[in-house]
Amino acid sequence: QVQLVESGGGLVQTGESLRLSCVASTSTYIDYAMGWFRQTPGKEREFISSVSRSGITKVYAPFVKGRFTISRDNTNNSVYLQLNNLTPDDTGDYYCAATTKDLGSLQTGLSNYWGQGTHVTVSS
């Protein structure tokens, strides 16, 4: 089992950036594919991005449109999500996810471990 702790959320203005971080408490971090989801007001939790164990393969949801970048650091048990050109529609709770299954499984959200979330507010 793995515990995930996110940080980096906050209040920014439209067009600004944030970098979200997630640290995993596990001795076998390399066994986990990692990803990010979010839940915006009035909507269900949605997939944002995922990264393979090696960090080479990255998947993004269509709505990202090049604004967000996922990365991971296997030496520090961490995964990051760089959020650029934020808009009020990006306001919500952002969750780190981990799975020992494949990236496709992570995207479904059905077998993930979850962090507690970090909140992002983008003002207009």
Side-chain angles (χ1 to χ4, degrees):
Q1 189 159 349
V2 60
Q3 293 186 336
L4 306 172
V5 179
E6 303 97 332
S7 62
L11 172 64
V12 297
Q13 295 185 335
T14 296
E16 294 185 338
S17 299
L18 280 173
R19 188 191 194 209
L20 307 183
S21 300
C22 172
V23 177
S25 297
T26 175
S27 60
T28 58
Y29 182 64
I30 195 66
D31 290 345
Y32 294 88
M34 302 297 296
W36 289 92
F37 289 69
R38 73 180 185 181
Q39 187 164 17
T40 56
K43 296 185 178 180
E44 295 185 352
R45 188 177 298 188
E46 65 179 345
F47 169 77
I48 300 173
S49 182
S50 60
V51 59
S52 63
R53 292 161 180 79
S54 67
I56 294 176
T57 302
K58 301 176 181 181
V59 179
Y60 293 97
F63 76 83
V64 170
K65 295 181 180 178
R67 296 186 302 129
F68 302 166
T69 303
I70 193 169
S71 61
R72 68 185 288 165
D73 182 349
N74 289 342
T75 63
N76 291 312
N77 285 16
S78 297
V79 62
Y80 307 99
L81 188 67
Q82 178 68 38
L83 309 174
N84 294 330
N85 195 21
L86 287 162
T87 74
D89 288 342
D90 296 314
T91 293
D93 294 313
Y94 285 69
Y95 298 90
C96 178
T99 183
T100 56
K101 301 182 184 297
D102 58 23
L103 291 181
S105 295
L106 186 146
Q107 191 166 338
T108 69
L110 297 177
S111 58
N112 293 348
Y113 296 98
W114 298 98
Q116 83 289 346
T118 186
H119 189 74
V120 172
T121 301
V122 185
S123 64
S124 58

Check the hydrophobic clustering (I, L, V, M, F, W, Y; side-chain heavy atoms under 4.5 Å; chains of links allowed) and say if Ile48 and Val120 are grouped together.
-> yes
Take Leu20 and Leu83 through the test side-chain contact (heavy atoms from CB on, under 4.5 Å) and record every step on the way to the result.
-> CA-CA 8 Å; Leu20 307 183; Leu83 309 174; 3.9 Å; yes
Main-chain N/O of Val122 paired to Thr91 side chain as donor or acceptor, under 3.5 Å = yes
What distance separates Gln82 CD from Ile70 CD1, expressed to the nearest 0.5 Å?
-> 12.0 Å
Ile30 to Asn74 - nearest heavy-atom pair and separation = CD1-ND2, 3.1 Å
Cluster question for you: counting only ILVMFWY and a side-chain heavy-atom cut-off of under 4.5 Å, with indirect links fine, are Trp36 and Val64 together?
-> yes
So salt bridge (charged side-chain N to carboxylate O under 4.0 Å, His left out) across residues 39-51, not counting sequence neighbours, yields Arg38-Glu46
Going hydrophobic residue to hydrophobic residue with side-chain gaps under 4.5 angstrom, can you get from Tyr94 over to Tyr113?
-> yes
So if you build clusters from Ile, Leu, Val, Met, Phe, Trp, Tyr with side-chain heavy-atom gaps below 4.5 Å, do Met34 and Leu18 land together?
-> yes
Across all chains, not counting sequence neighbours, the side-chain hydrogen bond (donor to acceptor under 3.5 Å, both in side chains) partners of Gln13 are none
Considering residues at least two apart in sequence or located in another chain, which fulfil the side-chain contact (heavy atoms from CB on, under 4.5 Å) criterion with Thr57?
-> Ser52, Leu103
Might you point out which heavy atoms bring Cys22 and Leu4 nearest each other, and give the distance in Å?
-> SG-CB, 3.9 Å
Indicate yes or no for a side-chain donor-acceptor contact from Ser49 to the backbone of Val59 under 3.5 Å, with no hydrogens or angles considered.
-> yes
Residues which pass side-chain hydrogen bond (donor to acceptor under 3.5 Å, both in side chains) with Ser27, listed by chain and number, not counting sequence neighbours = none
Donor-acceptor under 3.5 Å (Asn77 side chain, Thr26 main chain) = yes
Run the side-chain contact (heavy atoms from CB on, under 4.5 Å) check on Leu106 and Asn112 step by step: do they pass?
-> CA-CA 6 Å; Leu106 186 146; Asn112 293 348; 3.9 Å; yes
Where do Val51 and Val79 come nearest, in terms of heavy atoms and distance?
-> CG1-CG2, 4.1 Å
Can you list every pair that meets side chain to side chain donor-acceptor pair (under 3.5 Å) and has a residue in residues 98-111, with sequence neighbours left out?
-> Asp102-Ser105
Residues forming a side-chain hydrogen bond (donor to acceptor under 3.5 Å, both in side chains) with Asp93, sequence neighbours excluded = His119
Counterpart residues, ring pair (Phe, Tyr, Trp, His ring centres under 6.0 Å), relative to Phe37 (two or more places apart) | Phe47, Trp114
For Gln3, check side-chain hydrogen bond (donor to acceptor under 3.5 Å, both in side chains) against everything at least two apart and list the hits.
-> none
Identify the heavy atoms of Ser124 and Pro88 that sit nearest to each other, and give their distance.
-> CB-CG, 3.9 Å
Between Glu6 and Thr118, is there a donor-acceptor pair closer than 3.5 Å when you use the side chain of the first and the backbone of the second?
-> no
Salt bridge (charged side-chain N to carboxylate O under 4.0 Å, His left out) partners of residues 104-117, not counting sequence neighbours, each pair once = none
Determine which pairs satisfy ring pair (Phe, Tyr, Trp, His ring centres under 6.0 Å) with at least one residue from residues 50-79, sequence neighbours left out, and list them in order.
-> none
Residue pairs passing the salt bridge (charged side-chain N to carboxylate O under 4.0 Å, His left out) test where at least one lies in residues 48-77, sequence neighbours excluded = Arg67-Asp90
Nearest atoms (heavy-atom pairs only) where Ser17 meets Asn85 = OG-N, 4.1 Å
Considering non-hydrogen atoms only, spot the tightest contact between Ala98 and Tyr32 and give its length.
-> CB-CD2, 3.9 Å
With sequence neighbours excluded, what pairs up with Tyr80 under the ring pair (Phe, Tyr, Trp, His ring centres under 6.0 Å) test?
-> none
